[in-house]
Amino acid sequence: MKIAVFPGSFDPLTLGHTDIIDRALPLFDKIILAIGTNSSKKYMFSLEERLHFLTETYKDEAKILVETYSGLTVDYCKTKDSKFILRGLRNAQDLEFEKAIGQTNYKMAGIETIFLISSSGLAHISSTVVRDVMRHGGSYEFMVPEVVKTRSS
């Protein structure tokens with residue numbers, strides 16, 4: 001069984017995330033959307049809200065599992081018998097950052113990182129941008145799935 005872990009904070013879930021997830025579905029038997037927990041990080045949305053965003057968006061997709069984890073992603077992957085980490089790339093900076101992590105993960109645990117490039121028109125979307133726009137009362141609706149729009153209004 002080909003299992004991929006797509007780790008992230010998903011604070012909030014964006015159309016950039018869903019683009020990568022949706023396009024990866026045909027490639028894997030199962031994709032685990034793994035919300036990493038970091039007690040030192042300040043989140044805009046609670047863990048419960050972020051779990052809701054993912055589970056509601058993918059409630060009808062049998063190949064998707066939503067979980068939380070802490071610690072190293074490769075250690076979590078081992079507990080799930082996953083040989084793949086799924087990551088999205090928006091630009092050259094993402095590639096350089098993710099390449100170093102992917103190479104380290106492979107060296108540590110033999111887990112491959114699979115990169116998908118953002119679809120045209122979505123590369124400008126990041127959770128950081130969405131949070132900043134939301135905090136300042138701007139229009140963010142075109143960057144997030146419906147569940148985030150209804151939950152945050």
Side-chain angles (χ1 to χ4, degrees), residues 1-39 41 43-91 94-95 97-99 101-106 108-131 133-134 140-153:
M1 196 169 186
K2 286 188 276 185
I3 302 168
V5 170
F6 187 31
S9 62
F10 304 103
D11 186 35
L13 178 66
T14 71
L15 294 181
H17 293 126
T18 59
D19 170 55
I20 299 300
I21 296 163
D22 295 346
R23 291 175 36 232
L25 278 168
L27 305 175
F28 298 100
D29 299 309
K30 183 194 304 186
I31 299 175
I32 302 170
L33 308 179
I35 302 174
T37 56
N38 181 342
S39 60
K41 188 173 177 183
Y43 296 103
M44 179 176 233
F45 294 92
S46 70
L47 181 58
E48 293 74 25
E49 287 173 303
R50 292 178 285 141
L51 282 164
H52 174 74
F53 295 156
L54 290 167
T55 54
E56 184 63 22
T57 300
Y58 289 101
K59 66 183 176 197
D60 297 325
E61 180 48 67
K63 292 169 95 176
I64 297 283
L65 177 65
V66 179
E67 293 190 347
T68 63
Y69 77 102
S70 61
L72 292 175
T73 301
V74 290
D75 291 340
Y76 175 75
C77 288
K78 288 180 200 173
T79 69
K80 297 299 171 182
D81 199 29
S82 171
K83 303 289 183 218
F84 305 98
I85 295 172
L86 176 64
R87 299 300 292 159
L89 298 176
R90 295 168 297 185
N91 53 45
D94 281 357
L95 173 60
F97 178 75
E98 294 290 347
K99 179 176 73 171
I101 296 169
Q103 289 168 332
T104 302
N105 287 339
Y106 186 78
M108 286 182 359
I111 294 174
E112 292 283 2
T113 300
I114 306 299
F115 298 113
L116 293 181
I117 297 169
S118 296
S119 291
S120 178
L122 297 176
H124 66 284
I125 299 173
S126 73
S127 293
T128 303
V129 168
V130 172
R131 287 192 308 270
V133 171
M134 291 175 91
Y140 63 90
E141 294 82 5
F142 64 96
M143 297 185 281
V144 298
E146 193 62 39
V147 68
V148 177
K149 294 178 208 176
T150 57
R151 189 71 167 203
S152 58
S153 47

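Positions are given from 1, in the same order as the sequence printed here. Note that this is a predicted model, so its numbers are computed, not measured.
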Q) Do the non-hydrogen side-chain atoms of Val147 and His52 ever get within less than 4.5 Å of each other? A) yes

(Q) Ignoring hydrogens and geometry beyond distance, is a side-chain donor-acceptor pair present between Glu67 and Tyr76 at under 3.5 Å? (A) yes

Q | Rounded distance [0.5 Å steps], CD1 in Ile114 versus CG in Leu86 | A | 8.0 Å

Q.
For a quick test of reading the model, state the closest non-hydrogen atom pair linking Val130 to Pro12 and the distance between them.
A. CG1-CG, 3.7 Å

(Q) When you compare the side chain of Leu65 with that of Leu33, does any pair of heavy atoms fall below 4.5 Å? (A) no

Q. Taking all non-hydrogen atoms of both residues, which atom of Lys59 and which atom of Glu56 are closest, and how far apart?
A. NZ-OE2, 2.7 Å

Q. Between Val148 and Leu13, which heavy-atom pair has the shortest distance, and what is it?
A. CG2-O, 3.5 Å

Q.
Using a strict threshold of under 4.0 Å (side-chain N to carboxylate O), is an ion pair present between Glu141 and Lys149?
A. no

Q) Are a donor atom and an acceptor atom from the side chains of Asp11 and Ser127 found within less than 3.5 Å of each other? A) no

Q) Is atom NZ of Lys2 surrounded by more than 12 heavy atoms (other residues, nucleotides or ligands) closer than 6.0 Å? A) no

**Q.** From Ile3 atom CD1 to Ile85 atom CD1, the distance as rounded to the nearest 0.5 Å
**A.** 13.0 Å

**Q.** Distance (rounded to the nearest 0.5 Å) between Ile35 CD1 and Leu54 CG
**A.** 5.0 Å

Q: Evaluate the ring planes of Phe6 and His17, with Trp represented by its six-membered ring, and classify them as parallel (under 30°), tilted (30 to 60°) or perpendicular (over 60°).
A: perpendicular

Q: Compare every heavy atom of Ile111 with every heavy atom of Cys77, then report the nearest pair and how far apart it is.
A: CB-CD1, 3.4 Å

Q) Do the side chains of Tyr58 and Ile21 get nearer than 4.5 Å, heavy atoms only? A) yes

Q) According to the interplanar angle, ranging from 0 to 90°, do the rings of Phe45 and Phe53 count as parallel (below 30°), tilted (30 to 60°) or perpendicular (above 60°)? A) perpendicular

Q: Taking atom CG of Leu116 as the centre, report whether more than 12 heavy atoms of other residues, nucleotides or ligands fall under 6.0 Å from it.
A: yes

**Q.** Test side-chain contact (heavy atoms from CB on, under 4.5 Å) applied to Ile64 and Leu25, step by step
**A.** CA-CA 8 Å; Ile64 297 283; Leu25 278 168; 3.9 Å; yes

